[in-house]
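Below is one structure, written out as structure tokens; comments come after it.
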Amino acid sequence: MCKKGKHTWKPNPQHMGGCRWFTKDSLVSFSEAFSSKPSVLEKSLKRAERMKEACGAKCVLFLLFVLTWLVENAGHTSPGKPVLLRCRSPEKETFACWWQPGSDGGLSTNYSLYYTMEGSREDAVHECPDYKTAGLNSCYFNKTYTSLWITYTISVVAQNALGNKSSDPMFVDVAYIVQPHKPENISAELRTQDQKPYLMVKWDPPHKADTKSGWITLQYEIRLKPEKGAEWESHYAGQQKQFNVFSLHPGEVYLVQVRCKPDHGFWSEWSSTTYIEIPDYFRPRDTSVWILIAVLLSVCIFLILAWTVAIKCNRIKSYLLPPVPGPKIIGFDTQLLKSGKSEDLLNALGCQGFPPTSDCEDLMVEFLEVDDSDEQKLVMNEGEDDLEGRVKSSGNDVDKDSGRGSCDSHTLLLEVSNSSTKTYAQVGGNSNNKGSVKLSRKSSTNGKLLSFETAGEKTNTWPTANSSFLLARQSSCYNISKIHREASSLANKADMYGNISSAQSKSKECRELHSTVSGDQKTWFASKKHIPLLPFKSVEYVEVQKLNQQSMLILKPKTEGHKSVPPEFIGQEYTKVSGVVSDRVLLLLRDTGAQGSSNTQEGENQAVHPSLQCQVGKMVGTFPASPALEGMQLAASGYVDTAALLQSF
Amino acid sequence: MRQVSVLFLVLVCLDLEYRITSAPICAHGDAGCHLLSVSDLFDRVIQHSNRMHSLSSDLHSEFEKYFLPVRNQIGRATHKCHTSRILTPNGKENAQRTDREELTQVILRLLVSWMDPLLQFHQSVAHNEELSNFSSNKALELSDMVHELKSGVEKMAEKMQLLGIISNSLNGLFPAEASLSSSASNEARHMRDYELLRCFRRDSDKVQNYLKILKCRIVPEHGC
């Protein structure tokens, strides 16, 4: 709906957007009303407008008047007090001062600067010659107006319609307010000295500062930092116009700035930044890197060596410091002896089979016969009985007894069994009366080893040349002495002659067996008791006669004509005695042909060496004593007439 | 006898050592050689005047703390400096227009006129119990420095006259300065200490500046 004033217009269907003007009088279209033809309405409108204008102007004027009145009443004030900020001279020839205006009090204020000079009259006040050059709110004094070493008294006055205000005076002596411009033409050049990079920075003084004539002397300061660094590194450069910087990090971009200051004055601003890039210099790192690598390598190698050494410690020790060999008999191995393997021992010594082997055709002697004769006698003494045994040794008898084993050894076991002293002696005889006699003995108490061999040219030494050959210290030692002897000398062999003489010990229980060997090579020691030696001449057989009730073995020497076997002994068998155990048990070899039969033994004693019987010229090993063993056991190299034994039982 | 002779030898040697002073680079009469020595003289003198000026600045600021709590009031000169009579060039152009002889003379005049007042100043400072020993020592050093600097500049002027760098018209002015200094010293007694220091600080700055101008005019090679 169109409305204008009192009249309501209706939309004119003919004119879109137009309105019709209906009056009471007539319907006049709006368009007609707005046509160029003036209408009544139009005229009336104009009239109204005029009236309004006339009224509005007055209103406006009235309003304006009111406003200004209001404004005036709100507060025009005299200007606020300006403040002189500073006066500066860039080259000690001109200077400028700046001030800060105070509040202007709502009115336009203008500022003026007045100064007086020292030495002139007090009323000679001058105004600033130049307000423009130095910028807004400034005053610039050119050369004409600048005098050095004279105190200026400067003040600024702010003035507006309502009043003026003067600032506090400032006393200025131009010589002391010098603040130069920034240094110019800064150049940074990269140089190397001894393969180390350094920066040579050059600059010029500000072009306005006259340093050439000596009017101003400037001091410089340089600062630089890496592009990504946080802090600047400052260096004082004095009055020179170049500077060398050494503390540089390669591979970084550096920012360089310079500033200057007169002798007594203010520092200038920092100059514009100069960028310089330091290229990567590997050379300074070269040597240190290589040194580091070398050190690490050497440490690694050292660690590896140490680890190797630690692991292979023993081997290295034995390589570098070979174990000192103990005293050693050539061919004699103490370990073997300890282990109780007499065959190995004898082999090592060069004896080739102490119990003579079967290939020794010369072996004839089978039994060891003990004679009662003075020459060859082994007297068996028993402490408590009256047994006598004779040991005969026969030399050249050929032993055809099959039961005797492959070797015709005529070894007789001599055994001393005792709790404390155990001495075993074996005598191996050789056939042809040239059998080698071997006596080996081991005394477990005192660790003596008496051994000898007759084979070869070897001579044996008594490991212990101690007192008694057989020593029975303790009570109730039971000696079975043997007589072994080969008086004959073998063709190529050294013979050892041993006299085994048994001495009657005073103690009934012990029997001492002493034997001395007299021969080419050695002499056996004589017993302490000076038992007469009974050299043997031939091998004799010893037969075990009986075992008496006191558990003693009675040995009966076989007669010389051993071929004539006593009838009571027909059918007897001979076995070897391995050992006597605990005064009761005679250990016999079960199988004479057996070489490896061994007794099970306890204690510290070791196994019986098996092949004694077959070894000629070999050292007989020890027969360790065994603890009490029931029954009879067979051992090497001892012939016992089992029949006799059995009978005795 | 032997010991005595040895001692004598030792003494001679020592004495010889002490004789090794900093002799000028060349002792003969070449022109180039003489210029070098003048340059050395100039450097020494300028160094000296620098020290003097810095010392006077320190003393001045110290006195400011004691006597004038409000800063920047010292500029208000209640009394003129007693050396204000001496006409000194107060700008660069003026100074460059002044010839060497006059400039040298101005320097000497300034130095001469300060010799007595500084002595008096030292005496007054020494008696003043409020001031520290440090201040009184500095005051004494200051008065000594003025004497030394004056003698140094005189020697330099003589050297320059010898070499013909400056004319011999300088000699005529010296007696006039003596009278000047006595009247000036009378005036100076009336000045207060800190005002005296203010004046001296300014004058030492003038001396320093003129010397530098002279040096760069006569021997411009080094540091100009």
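Numbered from 1 within each chain, the chains take letters A, B, ... in sequence-line order.
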Original post:
What pair of heavy atoms forms the shortest contact from B:Cys216 to A:Ser213, and how long is it?
Top reply: CB-O, 3.6 Å

**OP:** Tell me, please, which residues at least two apart from A:His264 pass side-chain hydrogen bond (donor to acceptor under 3.5 Å, both in side chains).
**Re:** B:His53, B:Asp205

Original post:
More than 12 non-hydrogen atoms from neighbouring residues, nucleotides or ligands closer than 6.0 Å to CD on B:Gln123, yes or no?
Top reply: yes

Subject >> Contacting moiety of B:Pro220, where chain A heavy atoms sit under 4.5 Å >> reply: neither

Original post:
Got a salt bridge between A:Asp263 and B:Lys212, using NZ or NE/NH1/NH2 to carboxylate O under 4.0 Å?
Top reply: yes

**OP:** Please test B:Gln96 against A:Asp210 for side-chain contact (heavy atoms from CB on, under 4.5 Å), starting from the C-alpha separation and ending with a verdict.
**Re:** CA-CA 12 Å; B:Gln96 282 176 338; A:Asp210 187 3; 4.1 Å; yes

Subject >> Interface residue of largest heavy-atom contact number with chain A, from B:Ile213, B:Asn209, B:Asn94, under 4.5 Å >> reply: B:Asn209

Original post:
Is chain B contacted by the side chain of A:Lys241, its backbone, both, or neither, given a heavy-atom distance below 4.5 Å?
Top reply: neither

Original post:
Contact part of A:Thr211 toward chain B, heavy-atom cut-off under 4.5 Å: side chain, backbone, both or neither?
Top reply: backbone

**OP:** Can you tell which part of A:Tyr176 gets under 4.5 Å to a heavy atom of chain B, answering side chain, backbone, both or neither?
**Re:** side chain

Subject >> More than 12 heavy atoms from other groups under 6.0 Å of CG on B:Leu87 >> reply: no

Original post:
Are more than 12 heavy atoms from other residues, nucleotides or ligands located less than 6.0 Å from atom OH of A:Tyr145?
Top reply: no

**OP:** Go through the steps for B:Lys92 and A:Thr146 under the test side-chain contact (heavy atoms from CB on, under 4.5 Å), then give the verdict.
**Re:** CA-CA 10 Å; B:Lys92 187 177 103 175; A:Thr146 307; over 6 Å; no

Original post:
Relative to chain B, which segment of A:Glu93 carries a heavy atom at a distance below 4.5 Å: side chain, backbone, both, or neither?
Top reply: side chain

**OP:** Give a yes or no on whether B:Gln47 atom CD has more than 12 heavy-atom contacts from other residues, nucleotides or ligands under 6.0 Å away.
**Re:** no

Original post:
How would you list all residue pairs meeting side chain to side chain donor-acceptor pair (under 3.5 Å) that involve residues 137-149 of chain B, not counting sequence neighbours?
Top reply: B:His48-B:Glu148

Original post:
What is the minimum heavy-atom distance between B:Gly91 and A:Trp215, and which atoms define it?
Top reply: C-CH2, 3.5 Å

**OP:** Sort B:Arg217 into side chain, backbone, both or neither according to what part of it lies under 4.5 angstrom from a heavy atom of chain A.
**Re:** neither

